[in-house]
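Single-structure report; data block below.
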Amino acid sequence: IAGITQAPTSQILAAGRRMTLRCTQDMRHNAMYWYRQDLGLGLRLIHYSNTAGTTGKGEVPDGYSVSRANTDDFPLTLASAVPSQTSVYFCASSNEVGAGDTQYFGPGTRLTVL
Amino acid sequence: EDQVTQSPEALRLQEGESSSLNCSYTVSGLRGLFWYRQDPGKGPEFLFTLYSAGEEKEKERLKATLTKKESFLHITAPKPEDSATYLCAVQGTSGTYKYIFGTGTRLKVLA
């Protein structure tokens, strides 16, 4: 593994179903992030984590939850998916949060909620 | 409120036709300004980080510059493989973690 991996690559999901998007990084970065990207709106932060064991809310956190049990993994869970959560989801990581550090992005998960 | 505006939204160039992309920003204090390239169906790929006005960075046909209000991504003699969406983001010093992203410039370079 080199950088950030995300799984699945794409998913079609029925509304009301639970879904976990996976993210793993091998750069030993302290900080990790989840974004969604929608046409015309750019990238918006969902949740972030400063370090293992801590998480925080971003700009659009409603309907999503995260956990950070270790340095490498940062899963994003949709407890009960709704069509407005149809989007492309990107995981990112950086050395630190809020220090002007560069964020590096994964390849994304394209999620469709019907 | 921190804000980023990119222009133009879309740009078509002939191969070899140099141009510039603009990123205007409003931020309480700048920690960093970041340029990314994004190809269709892929994640943003890091290009440059700029930290202070007057700073410049170059990579192949790309050069990024920074003033107190805006950044430019200059593309010299572009090739078709430079076609992509270019994203700009800023991080301010207001005490939060957030990157504020612009909506990007879609660049198409014609052979």
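In the text below, chain A, chain B and the rest are named by the order of the sequence lines, each starting its count at 1. Treat the numbers as computed from the prediction; the structure is a model and nothing was measured.
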Please check if the number of heavy atoms outside A:R44 that lie under 6.0 Å from its CZ is greater than 12. yes
Do you reckon B:V90 sits in the same ILVMFWY cluster as B:F48, going by side-chain contacts under 4.5 Å, direct or chained? yes
Quick check on the interface: out of A:G108, A:P107, A:G42, who has the most heavy-atom pairs with chain B under 4.5 Å? A:P107
Other residues, nucleotides, ligands: >12 heavy atoms within 6.0 Å of A:I12 CD1: no
Among B:E45, B:K42, B:E9, single out the residue with the greatest number of heavy-atom pairs under 4.5 Å to chain A. B:K42
Rounded distance (nearest 0.5 Å) linking atom CD1 of B:I100 with atom CG of A:L45: 9.0 Å
Hey, is CZ on B:R12 packed in by over 12 heavy atoms from elsewhere, all under 6.0 Å? no
Below 4.5 Å from any heavy atom of chain B, which atoms of A:L39 appear? Answer side chain, backbone, both or neither. neither
Closest heavy-atom pair, B:G43 versus A:F90, reported as atoms and distance to 0.1 Å, is CA-CE2, 3.2 Å
Please work out which of the three classes, parallel, tilted or perpendicular, describes the rings of B:Y99 and A:Y33, given edges at 30° and 60°. tilted
Find out if a path of hydrophobic residues (ILVMFWY) with successive side-chain heavy-atom gaps under 4.5 Å connects B:F72 to B:L21. no
Considering only heavy atoms, which portion of A:Q37 lies under 4.5 Å from any heavy atom of chain B: side chain, backbone, both, or neither? side chain
Hey, any chance B:L62 and B:W35 share a hydrophobic cluster, counting ILVMFWY side chains that come within less than 4.5 Å of each other, even indirectly? yes
Judged by atom type as modelled, is there a donor-acceptor pair below 3.5 Å linking the side chain of B:Y36 to the main-chain atoms of A:Q103? yes
Taking side chain as everything from C-beta outward and backbone as N, CA, C, O, which of these in B:Q38 sits under 4.5 Å from a heavy atom of chain A? Side chain, backbone, both or neither. side chain
Linking I/L/V/M/F/W/Y whenever their side-chain heavy atoms sit closer than 4.5 Å, directly or via other members, would A:L13 and A:Y64 fall into one cluster? yes
A:F105/B:F46 aromatic ring centres below 6.0 Å: no
What part of B:L87 is in contact with chain A, defined as an atom under 4.5 angstrom from a non-hydrogen atom: side chain, backbone, both or neither? side chain
Using a cut-off of under 4.5 Å for heavy-atom pairs, which of A:D101, A:L43, A:T102 has the most such pairs with chain B? A:T102
Do B:L13 and B:L73 belong together in a cluster built from hydrophobic side chains that touch within less than 4.5 Å? yes
